[in-house]
Amino acid sequence: MTPSATPTQSNFIRDIMAADLASGKHEGRVHTRFPPEPNGYLHVGHAKSININFGLAGEFGGRCNLRFDDTNPEKEETEYVESIIEDVKWLGGDFGDRIFYASDYFQQIYDWAVQLIKAGKAYVCDLSADEVRQTRGNFTEPGKDSPYRNRSVEENLTLFERMRSGEFPDGARTLRAKIDMASPNLNMRDPVMYRILHAEHHRTGNTWCIYPMYDYAHGQCDSIEKITHSICTLEFEDHRPLYDWFIQQLGIYAPQQIEFDRLNLTYTMMSKRKLLKLVKDGHVNGWDDPRMPTISGMRRRGYTPEGLRNFCARQGVSKTNGITELALLEYFIREDLNRRALRVMGVLRPLKLVIDNYPDDQVEWLDAVNNPEDVSAGTRTVPFSKALYIEQEDFREDPPKQFFRLSPGREVRLRYGYFVTCTSVVKNAQGEVTEVHCTYDPATRGGDSPDGRKVKSTMHWVSAAHAIDAEVRLYETLFTKEDPNDVPEGQDFTANLNPRSLETISAKVEPSVAGAAPLTRYQFERMGYFCVDKDSTPGKPIFNRTVTLKDAWAKIEKKSK
RNA sequence: UGGGACGUCGUCUAAUGGUAAGACUGCAGACUCUGGAUCUGCGUAUCGGGGUUCGAGUCCCUGCGUCCCAGCCA
């Protein structure tokens, strides 16, 4: 991954790596890995992990592997593998041809289990899941030894082999590590290493009917790949002694595990289980719904990899459990989009504006700049005519004090067009303004006034005859509360779903955007950033609002209420 | 409750015994053919109590608070 544009700030993992490199630990190598389970789509929390693992490896001249932790065939699918590969690539993670799977190592992991049995460090246990739970003890009480704990090596070897060959039904037996049922660390109380699962695996098919537990497999996978720094999240801190135990008993290469804080964001959640529920129950339209905190959802919404990376870099790495404000993410998305998105004019909620003194059939193609932040983006022309659409919210018949936009008698600038002055309005039976009439000053063509007179507002517009109809999807946060899990007793997070998280409207957009490919990003001037959705058809573009622009007027208006 | 970890502005992160800093947010202003962008200014923090030290956010003791662990999930 290329170093991010934001200046790198120190973090404790980088410090550890730098120190290790300086001291010659791990033969002076840095080799990390990003180890997702293919049981769902990647989310922005994974983006942070990707940024750390690929970013640090790149920074220190090392490598980072992509490895799938696919030890549970019941939850894992090829669809997830494919989406994860796509998302990591999109974010800029450079894993070369180093795509690995825990399942690649199943035979080796099995052989190691046999080695542990032979060393008297593992045994086949006939207790049911329920019985194991009951004999594990709890936070204050030690556990009880399994009655099968002292089986002979020969018997364990035979039984384990028979487990593998499929003689027993699911759950009948497990292979357990023989450690210490009285350990204050529950992970050390003879944890299960293998369980019987007659399930088809997305890669190994029906080769196996026993599968290693994550805790028994993960550290060894890192060891096999000679990972120097195994970076993971805080909840695995308690598991580190177990991983170290396996590595030590086996006498194999020992990676160094470092734990960091998971990313939490306000108004959303990262639990894959809960995200899956949102998808399955139809609260959103798939994993890549633009309201989802998934990488694919954010991509579809118009977020950029650079914006996401800068956000991750600035959000930081520590061991403090916290919740980062969504505003920080949005800031970095806006910052990136501001320098790269092409500007166009699009009217979200059209109000007709007629210029009474403009020639009936005249059309002028006026120059407009594509990106004031980037002159190399050039210019385009936009059609101007007698009948236009402006934004409904840009006109007030009875303007409040700080409202600078159009109102009866007031002159404003139509961007790149002319100064116009409102002369009258047309209303419907309900008294709503349906049409605004203006006169224009031909001397202000292009938007400049030769006499130097000023105007307090510049507004966007489209020519009614030339505008394209577009569907626009406006998004708000998926949840109404900063913490979606903050619910009354007996309810779940779905109680906090925001009924207004998606609003679909019909907009009028300037013709230059016709035929834009999905994922093309624009700024609709004064309205926000928008991204062409994959549901678009040639005649009918669909835009997702990525994020609004900062809106000073909205703030003023809100305050006055 | 046993174990593990963590407590610095509203939020996220720096400060590695030596002037508590930055970003976001908020507020105020300048500028502007986007009430955008940009620029300027302002504000708020070391969980409490002891101790060590010339000097403590940092080290020690103690109290408090938060998070994680009792899956044959990862």
Side-chain angles (χ1 to χ4, degrees), chain A residues 6-7 9-12 15 35-37 39 69-72 74-76 125 127-130 132-133 136-143 170-176 183-189 191-197 211 213-215 217-218 232-241 259 261 263 266 272-273 314-332 334-335 338-339 343 345 368-369 372-373 402-405 413-417 419 446-449 455-460 523-528 548-556:
Chain A
T6 13
Q9 59 186 4
S10 100
N11 72 58
F12 78 102
D15 292 346
E37 183 192 14
N39 67 339
D69 269 329
D70 54 352
T71 55
N72 185 354
E74 293 182 325
K75 290 186 177 172
E76 295 147 10
C125 180
L127 257 26
S128 69
D130 238 25
V132 169
R133 189 178 313 122
R136 183 157 29 226
N138 54 46
F139 292 149
T140 49
E141 305 281 319
D170 287 4
R173 298 187 208 289
T174 56
L175 182 72
R176 294 227 258 162
S183 171
N185 181 346
L186 269 49
N187 294 122
M188 302 298 271
R189 318 246 262 226
V192 172
M193 295 165 58
Y194 268 92
R195 76 283 218 190
I196 301 172
L197 241 36
Y211 292 91
M213 296 289 291
Y214 172 86
D215 276 356
H218 188 79
C232 64
T233 42
L234 254 24
E235 69 270 25
F236 293 104
E237 212 146 17
D238 284 345
H239 298 239
R240 177 155 32 95
E259 305 87 7
D261 62 323
L263 172 69
T266 54
K272 273 202 259 182
R273 204 197 93 240
R314 177 57 75 179
Q315 190 277 327
V317 184
S318 74
K319 296 184 70 127
T320 317
N321 259 314
I323 306 174
T324 297
E325 289 174 344
L326 184 63
L328 186 68
L329 207 207
E330 293 189 332
Y331 168 82
F332 281 101
R334 283 195 191 98
E335 182 200 55
N338 176 50
R339 54 176 170 242
R343 271 63 168 174
M345 291 193 283
V369 333
E373 305 293 323
Q402 292 176 86
F403 186 87
F404 301 153
R405 282 109 96 142
R413 174 189 296 110
L414 293 176
R415 184 140 164 119
Y416 303 124
F419 283 16
D448 291 305
S449 57
V455 92
K456 289 199 95 172
S457 182
T458 299
M459 295 169 17
H460 63 282
Q523 182 195 107
F524 288 2
E525 294 214 27
R526 306 204 305 136
M527 301 311 286
T548 59
L549 254 23
K550 273 172 56 180
D551 190 343
W553 166 240
K555 239 176 219 179
I556 294 167

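Within every chain, numbering begins at 1; the chains are lettered A, B, ... in the order of the sequence lines, protein sequences first and strands thereafter. As the structure is a computational prediction, the values presented were derived from the model and not from experiment.
- Here Asp15(A) lies in heavy-atom contact (under 4.0 Å) with a base.
- The side chain of Thr324(A) places no N or O atom within less than 4.0 Å of a non-bridging phosphate oxygen (OP1 or OP2) of C24(B).
- Base pairing of A21(B) is made with U13(B), judged by Watson-Crick or G-U wobble geometry with both donor-acceptor distances under 3.5 Å.
- In a base pair of the Watson-Crick type (N1 to N3 plus N6-O4 or O6-N4) or a G-U wobble (N1-O2 and O6-N3), with each distance short of 3.5 Å, G2(B) is matched with C69(B).
- Nearest heavy-atom pair across Arg195(A) and Thr71(A) is NH1-O, 3.3 Å.
- Looking at every heavy atom in both residues, Asp69(A) comes nearest to Glu76(A) through O-OE2, 3.5 Å.
- Pairing partner, U34(B): none, since no Watson-Crick or wobble contact has both distances short of 3.5 Å.
- C64(B): Watson-Crick or G-U partner is G7(B), with both key distances under 3.5 Å.
- By the 6.0 Å contact criterion, NZ on Lys319(A) is enclosed, its count of non-hydrogen atoms from other residues, nucleotides or ligands being greater than 12.
- Annotation: G7(B) and U16(B) have their P atoms spaced 15 Å apart (nearest Å).
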Contact state string [nucleotides 63-72 of chain B, B base, S sugar-phosphate only, - no protein heavy atom under 4.0 Å]: ----SBBBSB
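- Gly322(A) comes within 4.0 angstrom of the backbone, heavy atoms only, and of no base.
- In this structure C27(B) sits in a base pair with G41(B), meeting the Watson-Crick or G-U test at under 3.5 Å.
- Of the P atoms belonging to G10(B) and G43(B), the separation is 14 Å, rounded to the nearest Å.
- In this structure, the nucleotide among A74(B), U11(B), U16(B) sitting nearest to the side chain of Glu325(A) is U11(B).
- Here the separation of U62(B) from A74(B), taken at their C1' atoms, is 38 Å to the nearest Å.
- Both distances falling under 3.5 Å, in either a Watson-Crick or a G-U wobble arrangement, occur for no nucleotide opposite U52(B).
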With sugar-phosphate taken as primed atoms, P, OP1 and OP2 and all else as base, the protein-contact string of nucleotides 34-44 of chain B at under 4.0 Å (heavy atoms; B, S, -) is BBBS-------
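- Ion pair Lys75(A)/Glu37(A) not flagged as a salt bridge, since none of the NZ, NE, NH1 or NH2 atoms sits closer than 4.0 Å to an Asp/Glu carboxylate oxygen.
- Sequence order on RNA chain B of the closest nucleotides to Ala327(A) and Thr140(A) puts Thr140(A) first from the 5' end.
- Here the separation of A20(B) from G55(B), taken at their C1' atoms, is 15 Å to the nearest Å.
- Checked against C27(B), U16(B), A23(B), the side chain of Lys555(A) finds its nearest nucleotide in C27(B).
- Along RNA chain B, the nucleotide nearest Leu328(A) and the nucleotide nearest Thr71(A) are compared for position; the residue whose nucleotide lies closer to the 5' end is Leu328(A).
- As judged by a 4.0 angstrom heavy-atom cut-off over every strand, Tyr211(A) is placed among residues making no nucleic acid contact.
- The distance from atom CD1 of Ile323(A) to atom C1' of C24(B) is 16 Å, rounded to the nearest whole Å.
- When the C1' atom is compared between C69(B) and G36(B), the two are found 49 Å apart, to the nearest whole Å.
- C12(B) sits 14 Å from C47(B) when the P atoms are compared, rounded to a whole Å.
- Glycosidic conformation at G71(B) (O4'-C1'-N9-C4 for purines, O4'-C1'-N1-C2 for pyrimidines): syn, within 90° of 0.
- G51(B) and A56(B) have their P atoms separated by 12 Å, with the value rounded to a whole Å.
- Between the CZ atom of Phe12(A) and the P atom of G7(B) there is a distance of 10 Å, rounded to whole Å.
- Using a 4.5 Å cut-off on side-chain heavy atoms (C-beta onward), Trp553(A) and Gln402(A) make contact.
- Asp238(A) places no side-chain N or O within 3.5 Å of a backbone atom of Asn185(A) that could act as its donor or acceptor partner.
- Listed for the Glu330(A) side chain is no donor-acceptor partner under 3.5 Å among the backbone atoms of Leu326(A).
- Between Phe236(A) and Tyr214(A), the angle of the ring planes lies from 30° to 60°, which puts this pair in the tilted group.
- Rounding to the nearest 0.5 Å places CE of Met459(A) at 6.5 Å from CZ of Arg526(A).
- Taken to the nearest 0.5 Å, the NZ atom of Lys550(A) stands 10.5 Å off from the CG atom of Asn338(A).
- Across all strands shown, Asp261(A) has heavy atoms under 4.0 Å from sugar-phosphate atoms exclusively, and none from any base.
- If you take NZ of Lys272(A) and C1' of A74(B), they are 8 Å apart, rounded to a whole angstrom.
- The CG atom of Leu263(A) sits 16 Å away from the P atom of U11(B) (whole-angstrom rounding).
- Straight-line distance between the P atoms of U58(B) and G17(B): roughly 12 Å, to the nearest whole Å.
- Within the nucleic acid shown, Val455(A) has no heavy atom closer than 4.0 Å to any nucleic acid atom.
- Residue contacts for Gln315(A): at a heavy-atom cut-off of 4.0 Å it reaches the sugar-phosphate backbone alone, with no base atom in range.
- Distances shown here put every side-chain N or O of Ser318(A) at or beyond 4.0 Å from the OP1 or OP2 atom of C12(B).
- Of the possible polar contacts, one joining the Asp261(A) side chain to the Ser318(A) backbone as a donor-acceptor pair under 3.5 Å is found.
- Between the side chains of Thr140(A) and Asn138(A), at least one donor N or O sits under 3.5 Å from an acceptor N or O.
- Residue-level contact check: Thr320(A) touches the backbone only, with heavy atoms under 4.0 Å from sugar-phosphate atoms and none from bases.
- For the pair Leu326(A) CG and C12(B) P, the computed distance is 14 Å after rounding to whole Å.
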